[in-house]
There are 2 protein chains.
Amino acid sequence: MTGPLQDPIATDALIIGAGPAGLFQVFELGLLEISAHVVDALPYAGGQCIETYPDKPIYDIPGIMACTGRELTERLVRQMSPFAPTLHLSQEVSSIQTQDDGRFKVETSRGTAFLAKTIFVAAGIGAFQPKRLRVEGIEALEDEQLFYRATDAFKSQAAGRHVLVIGGDDAAVDWAVRLADDTAGDNPQRPASVTLMHRRDVFQGPADSLDRMRQLVADGALQLVIGQLTGFDAAQGQLTAVHLVDPEGAVTQLRADSLLVLQGVSPRLGPVADWGLALERKQVVVDTEKFSTSTPGIFAVGDINTYPGKKKLILSSFHECALAAFGAAKIIFPDRQTPLQYTTTSPRLHRMLGVHAPAASE
Amino acid sequence: MTGPLQDPIATDALIIGAGPAGLFQVFELGLLEISAHVVDALPYAGGQCIETYPDKPIYDIPGIMACTGRELTERLVRQMSPFAPTLHLSQEVSSIQTQDDGRFKVETSRGTAFLAKTIFVAAGIGAFQPKRLRVEGIEALEDEQLFYRATDAFKSQAAGRHVLVIGGDDAAVDWAVRLADDTAGDNPQRPASVTLMHRRDVFQGPADSLDRMRQLVADGALQLVIGQLTGFDAAQGQLTAVHLVDPEGAVTQLRADSLLVLQGVSPRLGPVADWGLALERKQVVVDTEKFSTSTPGIFAVGDINTYPGKKKLILSSFHECALAAFGAAKIIFPDRQTPLQYTTTSPRLHRMLGVHAPAASE
């Protein structure tokens, strides 16, 4: 997925990960007048909070009785907004190289490049990646006839095709329903047919969405197939059909020339392991003074780091972000002392936060 | 002010200080099934948040765009409420002694005594104490005719007396107004006269309160004196008059047999310095693994502690409380592993927090 390299973006701080730690890192850096770019593998901010418990309440964020992962993300995005970071989403950092001038050259899977004075690894349990099909050779079809997200590219190639949606949760059911609805309408991008396939006849999702899916199946607008993909046929590099095995072990073939695979995401530590940082049980080792890794200038905050006493708590990551920001300030402003100023009393911070008079409570 | 000693209260954890750190310490201990008693010198919870910026917004509590010191206190009190700690207010810890069984015997200025397995020093910048008069010998009148809080004892002795209120802020103005209003009514406890004294003719407080004060002065129901106390007269141990010097240097005498001094509070590190804990520039030295002091079993969290990288941030104290709670669990439950459980997913924590089903967001 490496695209053409663009001119590198020069930045004081590059944050890897847009989960709660990465978002609050933007805020803490902003208070010290350090602006940041943020890279995340997901197409939206929130990290584990959004991917693993978007609608479940968290009870141990200090001062907040209960908030869901989604609400916490929204709160942190709003809190950091005065510092207007640039988010580079749907891409992973693929390499980090130290330059002669002490800066780090960072490249992502989409060809975005940075020259960063400091790096904050806030990568949680790794980059969330769609769970991919394990069928030999099928990766050659990716971004052509095989998609792991319902992107615009997927939608435009689906027109007139026999689409197979693979997966059993909300997203798979929801997209199967939408596409099947399209086949009945006048949408110029409508598929020729839509099939939903899952390894068991058990689907997750809101009741009305499941009801609608069953109705479309009853009406013949959506095919439902229970089975697992074992292979595929291609002619001149073009997908024409898939092979599948049903729960009884019978092998069949299914016409399909467009695949939308929505089997959830799983975190992948990925290239973090290759950046030369000291690791301990796959966690990045940091000090507790400034949460620096073994490479000066690279900090690690949140669930990815480890130190004596470490607990993987969101509230601990907030503390780590604050101290890491002060650590970075020493590198970015080597000739300046960075005193601790309080948001309650500092007119300078009030200007930066856009709060000129005492603000109303949220 | 040492009262008679009561039977010691046995407790797993004693928290010294009911500011944000002390309040969140209750919560973090509660999650690990450790119940706590809390001691504070102030008559209410909140510490510096309440004493120094009750109505000013704080902008760097993670996930909370803005909240005043008072609001943060209310939020933390509500959050810890499932764990129902006992608060012992208006008293300071005066001594800590290690017992043969490893527990700590703790006594307060009001004679409350504890036998605690662990102690959490969350004393901030010290115990907030009313600013006292600096007039030789006047301390002998304290709690008889001289009061630093408008307690019930003050109110009952004020009946029929010439009351002098000293101070220039809200509290002093407010109490001068209330007492002067009383002199006009039928209240059996009404003073014979009320005088408000401040070193300058500048008073702080809500406009309506200041207006009311000036009106009472104009009506002759309240005397206003600008000056500073320099001495006093007593006959047979009873206060009869005070001496004061006005801004021009003239010395006068004023009849007064009851003093209410409301000159604000100031923090006093006080006996913390005498507990034998390792200190560095008047801060308690802790490790960053469990925020233990040099005495095993005594932890220190919040503004009172120090370690490499320490910043006096409320958000750092939250992290310190969490790790200190795990440190204490090892002492309180020596035979038990204490795994990290998440409030988002643990049914056990849900029961303890009283949230049986996913709760609505606050």
Side-chain angles (χ1 to χ4, degrees), chain A residues 20 23-24 27-28 31 49 52-53 55-69 71-72 74-76 78-79 82 287-291 307-323 326-327 340 342-345 349-350 353 355 358-362, chain B residues 20 23-24 27-28 31 49 52-53 55-69 71-72 74-76 78-79 82 287-291 307-323 326-327 340 342-345 349-350 353 355 358-362:
Chain A
L23 299 175
F24 197 68
F27 179 80
E28 286 292 327
L31 291 179
C49 273
T52 65
Y53 45 92
D55 300 313
K56 281 192 187 156
I58 313 167
Y59 298 101
D60 67 343
I61 303 298
I64 301 178
M65 285 292 284
C67 73
T68 65
E71 286 166 347
L72 180 62
E74 288 165 359
R75 284 165 172 264
L76 293 169
R78 195 170 147 223
Q79 194 163 29
D287 66 54
T288 56
E289 177 174 350
K290 43 190 197 296
F291 296 92
Y307 50 83
K310 170 74 181 184
K311 299 288 173 194
K312 291 188 179 185
L313 290 168
I314 296 174
L315 66 89
S316 286
S317 74
F318 297 145
H319 163 77
E320 296 161 15
C321 291
L323 268 51
F326 280 93
L340 175 60
Y342 287 100
T343 62
T344 301
T345 48
L349 294 184
H350 289 174
L353 291 165
V355 289
S361 150
E362 61 164 350
Chain B
L23 298 176
F24 197 67
F27 179 79
E28 286 292 327
L31 291 179
C49 273
T52 65
Y53 44 93
D55 300 313
K56 281 193 187 156
I58 314 166
Y59 297 101
D60 66 343
I61 304 298
I64 301 178
M65 284 293 284
C67 73
T68 65
E71 287 165 347
L72 181 63
E74 288 165 358
R75 284 165 172 263
L76 292 169
R78 196 171 146 220
Q79 194 162 31
D287 65 55
T288 56
E289 179 174 349
K290 43 191 196 297
F291 297 92
Y307 51 82
K310 170 74 181 183
K311 299 289 173 193
K312 291 187 180 185
L313 290 168
I314 296 174
L315 66 88
S316 286
S317 74
F318 297 145
H319 163 78
E320 296 161 15
C321 291
L323 268 52
F326 280 93
L340 176 59
Y342 287 101
T343 62
T344 300
T345 48
L349 294 184
H350 290 174
L353 291 165
V355 289
S361 150
E362 60 163 352

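Note that these values count all heavy atoms, side chains included, but never hydrogens, waters or copies made by symmetry. Letters go in sequence order (proteins before strands), and every chain restarts at 1.
- Per-residue heavy-atom pair counts under 4.5 Å with chain B were compared for Y307(A), Y53(A), F326(A), and the maximum is reached by F326(A).
- Proximity of a side-chain donor or acceptor of Q79(B) to a complementary backbone N or O of I61(A) within less than 3.5 Å is detected.
- Here SG of C67(A) is found 10.5 Å from OH of Y59(A). Values are rounded to the nearest 0.5 Å.
- Put simply, of K312(A), K310(A), K290(A), the one with the most heavy-atom pairs under 4.5 Å next to chain B is K312(A).
- The structure places CG of L313(A) at 11.0 Å from CD1 of I58(A), a figure rounded to the nearest 0.5 Å.
- Using a 4.5 Å cut-off between heavy atoms, L353(B) touches chain A through its side chain atoms alone.
- Using a 4.5 Å cut-off on side-chain heavy atoms (C-beta onward), P62(A) and I314(B) make no contact.
- Interface residue F27(B): only side-chain heavy atoms are found under 4.5 Å from chain A.
- Using a 4.5 Å cut-off between heavy atoms, E74(B) makes no contact with chain A at all.
- Contact annotation: the side chain of R75(B) approaches that of I64(B) to within less than 4.5 Å [non-hydrogen atoms, C-beta and beyond].
- Taking CD from E71(B) and CG from D55(B), the interatomic distance works out to 8.5 Å, rounded to the nearest 0.5 Å.
- When each of P20(A), G309(A), G69(A) is scored by its heavy-atom pairs under 4.5 Å with chain B, the top score falls to G309(A).
- For the atom pair Y342(A) OH and L31(A) CG, the distance stands at 12.5 Å (nearest 0.5 Å).
- For a residue to count as touching a neighbouring chain, one of its non-hydrogen atoms must lie under 4.5 Å from one of that chain's; by this rule L340(B) touches chain A with the side chain only.
- There is no contact between F291(B) and chain A, counting heavy-atom distances below 4.5 Å.
- Among L76(A), L72(A), D60(A), the residue making the largest number of heavy-atom pairs under 4.5 Å with chain B is D60(A).
- Contact of L323(B) with chain A is made through the side chain alone, with heavy-atom distances under 4.5 Å.
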